[in-house]
Every structure is written in C-alpha cells, then in structure tokens.
Amino acid sequence: MPNPPSATEVLSVSAADGTALSVYRDTPARPRSDGATIVLVHGASVTADLWRLHTRHLTGLGFNVLRYDQRAHGNTPRGQAPLTIEQLADDLHHILRALAPTGPLVLAGHSLGALILQELAALHPQLRPRIRGMALLSATAHGASVLPGRSPRALLLAAGRSLFALTCTHAPQAVDWVRRLLPDTHRYTLTPRPGTGPDDKPLPCRHGVRHTPTADLAALWQSLRRYRASHLPVLEQLGGRLLLMAGADDQHIPAAHTAQLADRLTGARLEILPRTTHALPIRHPALISARIAHLAAGPHSDSHLPKDPSFPNFPLSEPFH
C-alpha cells in the first residue's frame with residue numbers, strides 16, 4: 001500500500017553571516033511517539049530534492065524529516081561566508097539549533113554531506129548524546145581526489161578532471177560565459193538567481209548550481225580537495241550507531257576510501273554495494289531509507305517498524321563486512 005501523505009513546510013533559517021538557508025520540514029500523517037528527527041544532507045551540485053523518495057519512505061513510517069539546500073545550492077544563496085566544510089557544518093548546526101533543539105537525531109549525508117556530518121560531530125561534540133544514529137554515504141577521511149584508481153581509464157579521467165578544475169579555478173569568468181550558452185536543461189547552465197523566495201518544494205537536483213558562479217564552485221572544490229577528517233574519536237564513540245555505505249564502482253570517492261575511514265572507526269559498520277556508482281542515494285533509495293529507518297527506530301528496530309513492501313526484505317546484519 002502507498003505511504004500516507006506527509007506535509008512539507010518551507011522554512012528559512014539564518015546562518016551566522018545572515019544567509020537565509022532554505023529548509024524543508026516533512027511531517028508524517030501519523031507521527032511515531034518515539035521517533036527521532038531525521039536530518040538529510042545532500043552533496044555537491046544537487047539540492048534537497050535528492051532525498052525526495054527517501055523522505056516519502058521515512059515519513060510513511062512516522063518519522064519527522066528535515067532536509068535543506070546547502071549554501072550556493074538550490075534555493076539557498078551563496079552568502080558572504082567562505083565556502084568551507086567548517087562553514088557548511090556551522091550552517092547545519094544553526095538549522096539544528098533552530099528546528100530540532102532537543103530530542104534524538106538521526107543524521108544522514110551523501111558525499112559532501114557526509115563530510116559535513118563528520119565535521120559537525122568534531123566541532124559540536126555536545127550533540128553526540130542526542131545522535132541515535134548516523135549514516136555516511138560515500139564518505140572519506142582524505143578529501144576529494146581527481147584520481148579514482150590506477151587503471152588507464154582512471155588516469156585518463158583524472159587528467160580530464162584536473163584540466164577542468166584548473167580552468168574553473170584560473171579562468172572562472174570564461175567558464176561562466178560558456179555556461180550561459182548552455183541550454184536550460186543542462187545541469188551546469190548558469191542563469192541569474194530569481195528575486196522571489198523559495199517555492200513549496202526544493203528545486204530539482206539538476207538545478208542545484210544553476211545560479212552559482214564558477215568561482216564559487218571552484219572554491220567549494222578546493223575545500224573538498226583539502227579536507228582531512230579530524231577528531232575521529234568523536235565519531236568512534238558512536239560505535240554501531242555509525243553506518244558507512246559506498247558504491248563499489250564509485251569514480252568520485254572510491255569505495256576503498258570509505259573502507260579506510262571505516263578501519264579508523266572501531267565499531268562502525270561498513271556496507272559496499274556492488275555495481276553501484278557515486279549516485280548511491282538515487283540508485284538505492286529504498287535500501288538506504290530502510291537503513292536510516294532502522295537507525296532511527298533504535299535498538300530492536302525490527303520489532304518496532306511496520307512492514308513496508310517497498311523496503312528490501314533481508315536482515316540488517318547480512319550485507320555488512
């Protein structure tokens with residue numbers, strides 16, 4: 001049977017520099033009395049719309065969901081603060097403080113979103129007692145890399161990425177000129193930001209950075225490239241409440257990088273999905289929703305969750321290694 005409808009509320013939370021962060025609060029038709037607030041954090045160049053199907057699953061199980069557009073993405077403007085992982089983590093902290101100041105939390109992030117959650121835990125360890133679970137998808141301790149492997153194909157891909165990154169960094173205005181010539185359907189087209197406020201839903205993922213100048217995208221890339229995970233003992237304290245997932249065929253953040261992070265986090269669980277690329281949340285929304293729901297329900301979650309035919313029907317512990 002279909003999930004019961006949920007209500008989506010569009011909210012605005014001010015960041016430290018005054019930037020209006022666009023937040024979407026999804027409230028289930030039948031809330032759980034013991035449910036945690038689930039916070040979903042998207043990656044680079046997309047929007048909160050990445051989590052559309054996950055939100056439908058999770059609210060259908062009675063969980064409250066918060067998702068939002070990162071600064072310089074979707075309906076959230078660039079603002080004046082630097083585009084660093086630390087700043088993006090501080091943005092999320094302002095959202096939690098405004099919209100989920102108390103109660104248990106389950107945090108899930110993909111790619112850039114996973115790095116933000118790692119940094120949030122490091123910068124705000126006082127949140128740890130509230131974190132019922134955390135899911136890091138396509139996470140790494142080493143930052144982004146243009147080199148996905150050592151094969152000839154990987155080396156060729158790395159050369160192309162390096163050339164493009166250099167062009168964006170040193171000639172952003174030229175790239176902007178090209179982006180303005182792209183058709184509106186292209187995900188990297190550049191169009192002026194409208195003066196009106198956000199609509200009643202997130203912009204589609206392909207519109208994630210259509211209002212973001214190339215110089216800002218280059219600054220974000222440099223932050224991703226320089227990122228190094230710090231204060232991992234804070235994450236380590238989550239133990240089995242921390243889940244890491246990766247796609248075996250990820251060419252952006254190789255699964256080996258996620259596995260190396262898991263090796264440094266005693267008790268964390270690792271799941272590598274075969275025949276899966278960096279588009280992990282898009283390819284497996286039901287599976288990831290099921291994993292997040294089990295974290296949100298807490299211990300003995302199998303007996304607390306209603307059966308949902310859209311979720312994979314296998315024990316939670318089987319795929320972990």
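Computation of the quantities below employed the complete heavy-atom set of this structure, encompassing side-chain atoms and omitting hydrogens, waters and symmetry-equivalent molecules.
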How about Arg291 and His294: does a side-chain donor come under 3.5 Å of a side-chain acceptor?
no
For atom CD of Gln80, is the number of surrounding heavy atoms from other residues, nucleotides or ligands below 6.0 Å larger than 12?
no
I want to check something: taking the side chain as every heavy atom from C-beta on, are Thr59 and Thr27 in contact at a cut-off of under 4.5 Å?
no
Where at least one partner belongs to residues 101-122, residue pairs that pass ring-ring contact (aromatic ring centres under 6.0 Å, His included), sequence neighbours excluded:
His110-His278
Is there a donor in the side chain of Thr47 and an acceptor in the side chain of His42, or the other way round, less than 3.5 Å apart?
no
Note, Gln118 side chain near Ile85 side chain (heavy atom, < 4.5 Å):
no
Measuring only between side-chain heavy atoms, which start at C-beta, is Asn64 closer than 4.5 Å to Arg25?
no
Do other residues, nucleotides or ligands put more than 12 heavy atoms under 6.0 Å from Gln126 CD?
yes
Run the salt bridge (charged side-chain N to carboxylate O under 4.0 Å, His left out) test on Arg71 and Asp17 for me, step by step, so that the C-alpha distance in whole Å, both residues' side-chain angles and the decisive distance to 0.1 Å come before the verdict.
CA-CA 11 Å; Arg71 67 170 61 227; Asp17 66 338; 3.0 Å; yes
Flag side-chain contact, heavy atom, 4.5 Å: Arg193 against Asn75:
no
For a 4.5 angstrom cut-off between non-hydrogen side-chain atoms, does Trp177 reach Leu181?
yes
Between His257 and His142, what is the ring plane arrangement, given parallel below 30°, perpendicular above 60°, and tilted in between?
perpendicular
pair Arg52-Asp49: side-chain heavy atoms closer than 4.5 Å:
yes
CZ (Arg283) with more than 12 external heavy atoms under 6.0 Å
no
Just by distance, with hydrogens left out, do His73 and Ser45 show a side-chain donor and acceptor under 3.5 Å apart?
no
Whether the Thr214 and Arg179 side chains hold a donor-acceptor pair (N or O, under 3.5 Å, no angle test) is what I'd like checked.
yes
Report the distance from atom CG of Leu295 to atom CG of Leu107, rounding to the nearest 0.5 Å.
10.0 Å
Check Ala215 against Pro172 and note the closest heavy-atom contact, atom names and distance.
N-CB, 3.7 Å
Would you say the side chain of Ile282 lies within less than 4.5 Å of the side chain of Leu280, judging by non-hydrogen atoms?
no
Do Thr76 and Val23 come close enough that some side-chain heavy atom pair is under 4.5 Å?
no
Under a 3.5 Å threshold, yes or no: a donor from one side chain and an acceptor from the other, between Asp91 and Tyr68?
no
Do Tyr188 and Leu190 share a hydrophobic cluster, counting only Ile, Leu, Val, Met, Phe, Trp and Tyr and linking them when any side-chain heavy atoms are less than 4.5 Å apart?
no
